[in-house]
> 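Got a structure for you, written out below as structure tokens; questions coming shortly.
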Amino acid sequence: MARERPPGAPAVGRRQRGGPPLRRGFIGSARGAGGGGSGLPACCEGRPGGHGGTWHRSRDAGGRDGTGEGVGRRRPGPRRGRGSGRVAGEGGGVPGRPLRPSGHVRRTGHEGHRRGRRPQGREEPLESTTRRPEGASVSLRVRFAPSPTGYLHVGGARTALFNWLLARKEDGVFVLRVEDTDQARSRDEHTEAILHGLSWLGLDWDEGPYFQSDGVERHRAAALQLLEEGKAYRDFSDPDEIRAEAERRQKHASRVARERADALPDGEAEERAEAGEPHAIRFRVPAGETRFSDRVHGTMRFGNTDIDDLVILRSDGTPIYNLAVVSDDHEMGINLVLRGDDHLSNTPKQVLLYRALGYPEPEFAHVPLILGADGKRLSKRHGATAVGDYEEQGILPEAMRNFLALLGWNPGDDREVFLEVEELVEAFSSERILKKSSVFDTEKLEWLNGRHLAEMPAGELLDRVHGRLRSVEHADAALLADEAWMTRLVDLLKVRSRTVDELADGALPFVRTELVFEEKAVAKHWEKDPPAAEERMKRLLEVLEDTEWALDPLEEAIRGVADELDVGAGKVIHPLRLAVTGRQSSPGIFQVLVLLGRGRTLERLRNGLERVRAL
RNA sequence: GCCCCCAUCGUCUAGUGGCCUAGGAUAUCGCCCUCUCACGGCGAAGACCGGGGUUCGAGUCCCCGUGGGGGUACCA
């Protein structure tokens, strides 16, 4: 059933062409635009025209790319050969401005991958239950399906990463679908944040984003099909009432609902439905046992008596998640559903729906959740949980990706630092995904980030550093604009920083015209013995006037001063460092001086001398 | 309550019956390098949740506990 391009999933999708205007027409904004009305009615009212409308509109608009080309991948990598200081990579751009979801995605190089390995001759790694016509190889189709009810959570990001990694590795297709059927909680803003987060991580999708809400008609049709085939029933009962009765009788609520439905005389349900009486549609869970195989957990078995007759269509006519995913995953030809462990118990329900609907079942892979430092589910109280938070803290997307990949997975050898994403793609395999949930350890993240930072060419770091220096007071604009000089500076700082923030902080003494003096350092290197400090600095000033401004001569001169005054080099270097940087620590002093230049060095030294004299 | 999943140093993990006196990484501590801070090098300390089995032999297989997590919605 080579569903290379599912009929409705369209060869189109909503490509994020140029800009942020992400889809002003769907639920969230439609509601918002309504101006304060209650949520539900607005949505329902908007449905026929609204949803469908946007779908078609964008389909038309997207007509130019019926090729199925990836969204983010197509853009000629803005990153290479960027000449001007224009921010290309990390969305650094203007803070707060909605970023284009994929336009700025760093090219990941997987295209080379694709070219290099055609799926044809290879053994098909996907043991899908889906049988295909002999010879035809069906490529892996995976998806990431976040619901826009919050920002991109690190757990979600990891799930997305695994899917992406697998798709790239197996030459498959990575589909992005936004599950926005929870009208009350879904928001455009969140969708944007999620797309931005994915793009930031370099996880470009090949299709989508599709919006689940666009499929409601199809979902509804599926529910109706089940109803017609007697695999589902109409439930006219009041939820609260059912719950109460279920409690009284110690039964599952859904079984009570089923009893009531079954007790209805023939034809009555149809009549009442016809008459417009509101009711939900419930799936009738068959007797027996439901099994499915899971790539990480192996064979899973659930007794059907433990599975409720789930509602598949609400009384307002909107579909419920479990039905919507099944319908969508089928529609989009997803053949491996890799998602969080929290869906494990949803899976038998979905498997049952696949079977009832006559859809081929995909394979499943449930990856463990990510926990906080206390072993509890990662949540806000553990600090930053949104990938955007880490972006702000100056974590590099490369490092984040690397770190996330290592959470619940390992390459089977000692490698931990994957500088190139290609290496990660190469090493990744779903067989090595762990079952155990893991704790999100920010210390290790920062260590990894430090490693990436140290290895990254300074030139590539420039934009990010600039982004953080933009609002610095007393900044020397000329220096900031001097790319060559900034590169040298970043080169000195990157190895001693764990985050871009830290790096930018280290740059402060160099790019500011006014120094801020660390009290601790002043106390230690000046205040303790002002006359000595004064003497050393004075002498330095004299000597440096005539020293050739280069690494070796400077070192020679400064050590010479120390010898002359008969003290260790540190005794003259510390007061000097304090004078020229205001700090207790900095990159190697000779390099600092070279970078600062004679003029600024001497000026700062003079100012320092004055300060010392005033002590 | 019921169903399901999981369980090796603080943390990330290697380990698929003998190669384990349990390996690596991080974090911590010490030493070295050194003008400081980092980096780097060397070293220390640190774990098989408990109890039963199976086996000549168990971190590894089975059972029972315990602990943690997830689900149990007209949320996704």
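For clarity, every value in this text was computed on a predicted model and none was experimentally measured. A, B, ... follow the sequence lines: proteins, then strands. Residue 1 opens every chain.
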> When we call it a touch if two heavy atoms are under 4.0 Å apart, what does A/F403 touch: a base, just sugar-phosphate, or nothing?
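Result for A/F403 = nothing.
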> Side chain of A/L371: nearest nucleotide among B/rU36, B/rG69, B/rA27?
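Per side-chain heavy atoms of A/L371, the pick is B/rG69.
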> With rounding to whole Å, what would you report as the distance between B/rG46 and B/rG30 at their C1' atoms?
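15 Å, rounded to whole Å.
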> Does any nucleotide pair with B/rA73 by Watson-Crick or G-U wobble geometry, both distances under 3.5 Å, and what is it?
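By the stated definition (distances under 3.5 Å), nothing pairs with B/rA73.
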> So, do A/R339 and A/F364 sit near enough that their side-chain heavy atoms are less than 4.5 Å apart?
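A/R339 reaches A/F364 side chain to side chain.
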> How is A/L407 classified with respect to the nucleic acid when contacts are heavy atoms under 4.0 Å: base, sugar-phosphate, or nothing?
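Sugar-phosphate contact only - A/L407 comes under 4.0 Å of backbone atoms but never of a base.
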> Scan every strand shown for a Watson-Crick or G-U wobble partner of B/rC39, both distances under 3.5 Å, and answer none if you come up empty.
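Across any shown strand, B/rC39 pairs with none.
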> Could you check A/H297 against A/F292 for ring pair (Phe, Tyr, Trp, His ring centres under 6.0 Å), going step by step and ending with a plain yes or no?
CA-CA 10 Å; A/H297 293 283; A/F292 60 89; 9.3 Å; no
> Can you work out whether A/W447 or A/G412 has the more 5'-proximal nearest nucleotide on RNA chain B?
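Counting from the 5' end, the first nearest nucleotide belongs to A/G412.
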> Describe, in one word, how the ring planes of A/H574 and A/H525 are oriented to each other, choosing from parallel (under 30°), tilted (30 to 60°) and perpendicular (over 60°).
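The rings of A/H574 and A/H525 lie parallel, inter-plane angle below 30°.
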> Name the pairing partner of B/rG46, where a pair is Watson-Crick or G-U wobble with both distances under 3.5 Å, or state none.
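For B/rG46, the partner nucleotide comes out as none, under the 3.5 Å rule.
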> Whole-Å distance between B/rU36 C1' and A/L493 CG?
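Taking atom C1' of B/rU36 as the reference, CG of A/L493 is at 14 Å.
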> Take a 6.0 Å sphere around CD of A/Q225 and say whether it holds more than 12 heavy atoms from other residues, nucleotides or ligands.
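Counting other residues, nucleotides and ligands, CD of A/Q225 exceeds 12 neighbours.
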> Let's test this: given Watson-Crick or G-U wobble pairing with both distances under 3.5 Å, identify the partner of B/rG59.
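Result: none.
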> Below 4.0 angstrom from OP1 or OP2 of B/rA27, is there any side-chain N or O of A/K444?
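Answer is no, no contact under 4.0 Å.
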> In residues 429-438 of chain A, which ones come under 4.0 Å of RNA chain B, going by heavy atoms?
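Under 4.0 Å from RNA chain B: A/R432, A/L434, A/K435, A/K436, A/S438.
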> May I ask you to decide if the ring planes of A/F428 and A/F162 are parallel, tilted or perpendicular, using 30° and 60° as cut-offs?
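Tilted: the ring planes of A/F428 and A/F162 meet at 30° to 60°.
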> Not counting sequence neighbours, which residues clear salt bridge (Lys or Arg N to Asp or Glu O under 4.0 Å) with A/R177? List them please.
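So A/R177 forms a salt bridge (Lys or Arg N to Asp or Glu O under 4.0 Å) with A/E179, A/D328, A/D329.
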> Reckon A/N410 has a side-chain N or O less than 4.0 Å from the OP1 or OP2 of B/rA14?
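Answer is yes, contact under 4.0 Å.
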> Under a 4.5 Å cut-off applied to non-hydrogen side-chain atoms, are A/L453 and A/L461 in contact?
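Side-chain contact under 4.5 Å: yes.
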> Checking contacts here: which listed nucleotide (B/rU11, B/rC3, B/rC4) is nearest the side-chain heavy atoms of A/D306?
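Nearest to the side-chain atoms of A/D306, counting from C-beta on, is B/rC3.
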> More 5' along RNA chain B: A/Q584 or A/L406, using each one's nearest nucleotide?
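Comparing both residues, the 5'-ward one is A/L406.
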> Which whole-number value in Å describes the distance from A/E416 CD to B/rA27 C1'?
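Computing the A/E416:CD to B/rA27:C1' distance gives 13 Å.
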> Starting at the 5' end of nucleotides 70-76 of chain B, put B wherever the base has a protein heavy atom under 4.0 Å, S where only the sugar-phosphate does, and a dash everywhere else.
BSS-BBB
> Here's one to test your reading of the geometry: is the NZ or CZ of A/R272 within 45 degrees of the ring axis of A/F236 and under 6.0 Å from its centre?
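Yes.
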> For A/E423, is the CD atom crowded, meaning more than 12 foreign heavy atoms sit under 6.0 Å from it?
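Enclosed: over 12 neighbouring heavy atoms sit under 6.0 Å from CD of A/E423.
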